[in-house]
Amino acid sequence: MSLQTRVGLLAFIGVLLGVGLSVSGSYFFTQRELHQELDDFLERRAQTVSGIAENPAGLSAQREPGTRPFIGIVDLADFDAHVQILDSEGQPIFSISDIRLPVDEAERQIAADGVASVRRTTEIDGQRFRILTASISDEGAVQIARDLSETDRVLNNLLRQTIPLGAMVALATATAAWLLTRRALRPIEQLKDAAERVGLTQDFEAAIDVDRDDEVGILARSFNSMLKALQASRQQQKRLAADAGHELRTPLTSIRANVELLQHVQPLDPDDRRRVLADVDAELNELTDLVGELVELVGEPGVVDEPMTTLDLADLACDAAVRARRRTGRKIATDASAREPLLGQPGSLQRAIDNLVGNAIKFTPNGTPIRILTRGGRLEVHDSGPGIPTKDQPLVFERFYRSTEARARPGSGLGLAIVKQVIELHGGHVWAKTSPMGGAEVGFEIPNRPAKNR
């Protein structure tokens with residue numbers, strides 16, 4: 001069952017219940033009002049008869065054969081009400097009616113004891129009557145009865161009129177609800193069609209026109225935003241594949257050329273052989289680093305496997321400096337101020353700092369200093385190299401981007417991209433600008449999120 005059908009069916013059921021409750025309520029209150037009016041009439045007539053017939057035992061002498069039934073000055077015709085007088089034992093002794101009204105135990109008790117009145121509805125010779133029995137001067141009781149045919153006829157007419165009218169109202173309202181639901185859910189149908197079209201064609205540019213501000217409009221805008229994100233992701237994927245292919249092709253071509261040289265040139269001078277093998281080894285190392293960086297970049301390092309722990313950036317900076325000095329023998333100084341424990345993934349952050357330091361070593365001449373400054377969640381790496389051109393500073397963190405000056409140097413162009421990815425996963429940001437030392441300043445800052453507030 002489609003969403004439109006379910007919503008339309010629910011609307012129809014709701015309207016049907018509403019109309020049914022309205023008809024039932026109208027019938028109930030009308031019936032109660034009519035019965036109340038009838039009971040009030042019976043009560044007034046019983047009071048009138050009780051005030052005139054003070055001696056029930058002598059009422060039979062007041063009626064002469066062939067005369068119109070009456071009690072004193074009150075003319076009581078059969079069509080108005082049926083009157084029956086009971087003596088103190090509950091036996092009928094006088095009646096202004098051709099119908100003998102039934103007497104039950106409760107009514108005999110009223111005639112004997114003079115207790116409160118009682119009402120009931122009963123059937124006599126196939127007709128329904130409403131009977132009121134009330135005491136008379138503690139010496140008997142009076143029964144006032146009235147035919148319910150007129151009341152039942154009014155109620156039946158009410159049902160015959162309201163049920164068809166209610167059915168028409170329910171049908172008209174349900175039809176209107178169906179049309180409104182269909183119109184309201186039209187954008188959802190468009191979303192469904194667009195999603196199916198995207199699934200079949202992989203066309204992420206198939207946006208939906210949105211001209212409304214309700215929840216459906218918000219859903220449509222969210223769908224359009226998702227399509228834009230998917231389109232951007234596909235473009236980045238294509239660009240990554242193209243850039244990775246280009247970067248991989250260069251070392252592979254060099255390795256192939258050197259291997260072919262080793263295969264076809266015999267004998268090869270020992271010095272040339274050592275040079276070729278060193279070149280192959282360098283290209284293999286660069287290829288290994290490139291593949292590792294690609295895997296790390298695509299796999300979002302640390303997101304799944306490494307938990308958040310409390311750390312200090314100053315300690316990570318000192319460890320990076322020690323490793324870099326041991327590998328390269330370069331002079332690397334650290335300066336920590338405002339130490340502050342933070343939450344982070346130490347392995348990922350350590351790799352990001354190593355990449356920043358390695359990038360500084362690559363572009364800094366021997367004998368010139370490199371400094372790592374930390375302050376809380378902020379880390380800066382300063383070098384004394386040629387610096388980064390102003391036009392290239394916003395681009396150095398892009399994948400495979402290498403400025404004109406850096407293309408002759410070894411590297412894949414992924415190191416700073418990995419730094420950016422790691423820092424953004426920590427909710428921080430990166431930058432590259434000119435250092436006061438004359439070279440480049442490349443750094444990052446992550447939010448201060450102590451473990452006790454996490």
Enquirer: Is it true that atom CD of E150 has more than 12 heavy atoms of other residues, nucleotides or ligands lying nearer than 6.0 Å?
Expert: no
Enquirer: In Å, rounded to the nearest 0.5 Å, how long is the span from CG of L416 to CD of Q421?
Expert: 13.0 Å
Enquirer: Taking atom CZ of R45 and atom CG of L132, what is their separation to the nearest 0.5 Å?
Expert: 12.0 Å
Enquirer: Work out which heavy atom in A352 is nearest to a heavy atom in V419; give both atom names and the distance.
Expert: O-CG2, 3.4 Å
Enquirer: For V322, give me all partners under side-chain contact (heavy atoms from CB on, under 4.5 Å), at least two apart in sequence or on another chain.
Expert: R325, R326
Enquirer: Under a plain distance cut-off of 3.5 Å, with no hydrogens placed, do H382 and E380 share a side-chain donor-acceptor pair?
Expert: yes
Enquirer: When rounded to the nearest 0.5 angstrom, what distance separates CG in L34 from OG1 in T151?
Expert: 5.5 Å
Enquirer: What are the two closest non-hydrogen atoms of L349 and G344, and how far apart are they?
Expert: CD1-CA, 4.3 Å
Enquirer: Identify the two heavy atoms, one from T334 and one from A317, that lie closest to each other, and give their separation to 0.1 Å.
Expert: CG2-O, 4.0 Å
Enquirer: Under the side-chain contact (heavy atoms from CB on, under 4.5 Å) test, which residues partner L10, sequence neighbours left out?
Expert: none
Enquirer: Are any non-hydrogen side-chain atoms of H429 and E424 less than 4.5 angstrom apart?
Expert: no
Enquirer: At what distance, to the nearest 0.5 angstrom, does CD of E340 lie from OG1 of T310?
Expert: 11.5 Å
Enquirer: Do the side chain of Q84 and the main chain of R100 share a donor and acceptor less than 3.5 angstrom apart?
Expert: no
Enquirer: For S117 and E43, which heavy atoms make the closest approach, and how far apart are they?
Expert: OG-OE1, 4.3 Å
Enquirer: Restricting to salt bridge (Lys or Arg N to Asp or Glu O under 4.0 Å), what partner residues turn up for R323, sequence neighbours left out?
Expert: D354
Enquirer: Would you confirm whether E107, through its side chain, and D104, through its main-chain N or O, come within 3.5 Å as a donor-acceptor pair?
Expert: yes
Enquirer: Using every non-hydrogen atom in the two residues, find where S135 and I110 come nearest and quote the distance to one decimal.
Expert: N-CG2, 3.7 Å
Enquirer: To the closest 0.5 Å, what do you measure between NZ (K420) and CD1 (I418)?
Expert: 13.5 Å
Enquirer: Less than 4.5 Å apart, side chain to side chain, heavy atoms only: is that true for I163 and Y27?
Expert: no
Enquirer: Roughly how far, to the nearest 0.5 Å, is the CZ atom of R119 from the CD1 atom of I131?
Expert: 13.0 Å
Enquirer: Check whether any side-chain heavy atom of D312 lies under 4.5 Å from a side-chain heavy atom of L342, and answer yes or no.
Expert: no
Enquirer: So, does D383 use its side chain to make a donor-acceptor pair with the main chain of A440 at under 3.5 Å?
Expert: yes
Enquirer: Any side-chain heavy atom of T133 within less than 4.5 Å of one from L101?
Expert: no
Enquirer: For E89, does the CD atom sit with more than 12 other heavy atoms under 6.0 Å from it, leaving out its own atoms?
Expert: no
Enquirer: Does the side chain of L158 reach to within under 4.5 Å of the side chain of V154, using non-hydrogen atoms?
Expert: no
Enquirer: Does CZ belonging to R378 count more than 12 external heavy atoms closer than 6.0 Å?
Expert: yes
Enquirer: Is any side-chain heavy atom of S22 closer than 4.5 Å to one of T162?
Expert: no
Enquirer: One pair to check against side-chain contact (heavy atoms from CB on, under 4.5 Å): L356 and F444. What are the steps and the verdict?
Expert: CA-CA 10 Å; L356 292 180; F444 63 81; 3.8 Å; yes
Enquirer: Just one of D147, D40, D39 clears the salt bridge (Lys or Arg N to Asp or Glu O under 4.0 Å) bar with R130, so which one?
Expert: D39
Enquirer: Is the side chain of Q393 donor-acceptor paired with the backbone N or O of I388 at a distance under 3.5 Å, no angle test?
Expert: yes
Enquirer: Ignoring hydrogens and angles, tell me if any N or O in the side chain of T175 forms a donor-acceptor pair with the backbone of L171 under 3.5 Å.
Expert: yes
Enquirer: Would you confirm whether N156, through its side chain, and D152, through its main-chain N or O, come within 3.5 Å as a donor-acceptor pair?
Expert: yes
Enquirer: If we only count heavy atoms from C-beta on, is the I372 to D335 side-chain gap below 4.5 Å?
Expert: no
Enquirer: Would you say the side chain of S348 lies within less than 4.5 Å of the side chain of L425, judging by non-hydrogen atoms?
Expert: no
Enquirer: So which heavy atom on I124 is nearest to which on P102, and how close?
Expert: CD1-CD, 3.5 Å
Enquirer: Looking only at atom types and distance, does a side-chain atom of R108 sit under 3.5 Å from a main-chain N or O of V103, one as donor and one as acceptor?
Expert: yes
Enquirer: Measure from the side-chain N and O atoms of H426 to the backbone N and O of Q345, and report whether any donor-acceptor pair falls under 3.5 Å.
Expert: yes
